[in-house]
Number of protein chains: 2
Amino acid sequence: MDTLNALQKFRQHVETYVSLNDAEWEVLAPYLEIITLKKKKYFAEPGKVCNYIGLVVKGSVRYFHIKDGEEITGYFSFENEMASSYKSFLTRTPAINYIQAMEDAVIVNLSYAHMQQLYADDIIGAKMERFCRLVAEHYLICYEDRVTSFITQTPEERYNKLLETGGEVLYRIPQHYIANFLGITPVSLSRIRRRIMKISA
Amino acid sequence: MDTLNALQKFRQHVETYVSLNDAEWEVLAPYLEIITLKKKKYFAEPGKVCNYIGLVVKGSVRYFHIKDGEEITGYFSFENEMASSYKSFLTRTPAINYIQAMEDAVIVNLSYAHMQQLYADDIIGAKMERFCRLVAEHYLICYEDRVTSFITQTPEERYNKLLETGGEVLYRIPQHYIANFLGITPVSLSRIRRRIMKISA
DNA sequence: AATAATTCTTATCTTTTGTTAACGTTTTGA
DNA sequence: TCAAAACGTTAACAAAAGATAAGAATTATT
């Protein structure tokens, strides 16, 4: 994954939300930072302010909390998805979760300070505002759906829905991460899987 | 609650996110619609596209789904909070939940169409973009926290946290709504309350 | 290649939650 | 004002989930 390619992916991602002409892109591009994260390395850590919002252009990252010494996985970002400890990034307060590379990853980063500069830029400012509004709205909707699933569905129903719609998540990550994602223990997910197998067998 | 007062509250709410001078306000104000909702009346309904985002200036509303013929309450908006079936409003697709007045309510509404006009307005457009970005980011953070609580905490822990931080929610709404909000049944919440009483007694 | 670590399943036991129903109390609405 | 509806608690039982541990299979690591 070379630099040009990574930047190109970022541009394409922005353009799924707002149009960008070359002049605008020329303003934006210099603010971006490309990083590589070896598997198990951290993008964000508890106690540290998350300074970047990044686009995962290769690999994937996993979000997790530590509770009673145990990792509890809450979310994932795959290729062409944004990654950030959003609350920390936006409010400039220490994060409470880890974000860790699940696979060797390449991420195109935009720092908080650079983002503020871009908002204030005459050429790209308005587009950035809109882009970030649309991104926030997009993830807001994702979270709305997720909260709804916790409120209205049983763990088994959530898992069945994930089987239908989950796609990538399902065969790229270990089952016990999925269990956490669903809000249950790995042991419980294993039992749910057995129940489902019996029914569909 | 007279018209001027309601509009003033809306302006104040916007100004907690972005500054507004009188000229800008003069552009924005005509797009607002003030409605009164009698208790039990609906702000949004499943199957219908939610056409408004509103600021609750008096009273409160409750969000709920119907599952197996039962109401499941997922959220509330009180005074000086926004209300909308966000996904429906933003994506122009039918809502899947009700939003209903819990108490007689006054709401300052902005329609989707008007919002688009405001985004495109020379005077107020940039401010509106930023305001709506910040609102989306605010609720994104709320949802992030809520999902985290479902992932990392037991129902009892969620309830205890709500007791600490919940404030208004706790003494203005019935317990069985709170149970749904926490993702459990009313019976189960009643038992949790008894457990807590025994410990603290 | 050998060893260690991870992952998933299964079993056992305990705890919690869901379900249903009953009861008294409070609130609502006609 | 009076009947109906809503609300919260409790009980009893069933179902599900958590905790812990063991074991097999797979994957990583040296």
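All chains are named by letter (A, B, ...) in the order of the sequence lines, taking the proteins before the strands, and each is independently numbered beginning at 1.
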| field | B/E103 and B/R172: CA distance, side-chain angles, deciding distance, salt bridge (Lys or Arg N to Asp or Glu O under 4.0 Å) verdict | value | CA-CA 10 Å; B/E103 313 161 278; B/R172 256 174 91 174; 2.7 Å; yes
Whole angstroms only, please: what is the [atom1]-[atom2] distance between [X] and [N]?
X: A/M102; N: C/dT6; atom1: CE; atom2: C1'; result: 15 Å
X: B/R195; N: C/dT15; atom1: CZ; atom2: P; result: 11 Å
X: A/Y171; N: D/dT26; atom1: OH; atom2: P; result: 21 Å
X: B/E156; N: C/dT15; atom1: CD; atom2: C1'; result: 11 Å
X: A/N180; N: C/dT6; atom1: CG; atom2: C1'; result: 15 Å
X: A/E157; N: D/dA17; atom1: CD; atom2: C1'; result: 15 Å
X: A/I196; N: D/dA16; atom1: CD1; atom2: P; result: 12 Å
X: B/E70; N: C/dG18; atom1: CD; atom2: C1'; result: 12 Å

| Once the angle between the rings of A/F181 and A/F76 is folded into 0 to 90°, is it parallel (under 30°), tilted (30 to 60°) or perpendicular (over 60°)? |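 Plane angle between 30° and 60°, so tilted.
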| said: Tell me if a side-chain donor or acceptor on B/S85 pairs with a main-chain N or O of B/C50 at a distance below 3.5 Å. | reply: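 No; zero donor-acceptor contacts below 3.5 Å.
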Under 4.0 Å between a side-chain N/O of [X] and OP1 or OP2 of [N], yes or no?
X: B/R194; N: D/dT9; answer: no
X: B/R193; N: D/dT10; answer: no
X: B/H176; N: D/dG8; answer: yes

| said: Please determine whether the number of non-hydrogen atoms from other residues, nucleotides or ligands lying under 6.0 Å from atom CD of A/E26 exceeds 12. | reply: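 More than 12 within 6.0 Å, yes.
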| field | First of B/K39 and A/P174 reached from the 5' end of DNA chain C, by closest nucleotide | value |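 Its nearest nucleotide lies further toward 5', so the answer is A/P174.
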| said: Judged by each residue's nearest nucleotide on DNA chain C, which is more toward the 5′ side, B/I192 or A/K40? | reply: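 The answer here is A/K40.
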| From C/dT9, D/dG8, C/dT17, nucleotide with atom closest to B/Q175 side chain |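 Within the option list, the nearest is D/dG8.
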| query | Closest approach of A/L162 and A/I178, non-hydrogen atoms and distance? | reply |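 So the minimum-distance heavy-atom pair works out to CD2-CG2, 3.6 Å.
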| request: Specify the angle, to 10°, made by the local axes at the two ends of the helix from C/dA1-D/dT30 to C/dA30-D/dT1 when five pairs are taken at each end. | output: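 For the helix from C/dA1-D/dT30 to C/dA30-D/dT1, the axes at opposite ends meet at about 60°.
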Only distances under 3.5 Å count here; give the side-chain donor-acceptor pairs of residues 37-44 of chain B to other protein atoms, sequence neighbours excluded, each with its distance to 0.1 Å.
none

| message | Determine whether the aromatic ring centres of residues A/Y75 and A/Y63 are separated by less than 6.0 angstrom. | response |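 Yes - the distance between ring centres of A/Y63 and A/Y75 falls below the 6.0 Å cut-off.
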| message | Using ring centroids (six-membered ring only for Trp), state whether A/Y112 and A/Y52 fall under 6.0 Å. | response |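 They do not qualify: ring centres at least 6.0 Å apart.
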| Is there a donor-acceptor contact under 3.5 Å linking the side chains of A/R92 and A/N51? |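 Yes, side-chain donor-acceptor contact under 3.5 Å.
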| task | Tell me which residues in residues 182-191 of chain A put a heavy atom below 4.0 Å from DNA chain C, sorted by number, or none. | result |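 The answer is A/V187, A/S190, A/R191.
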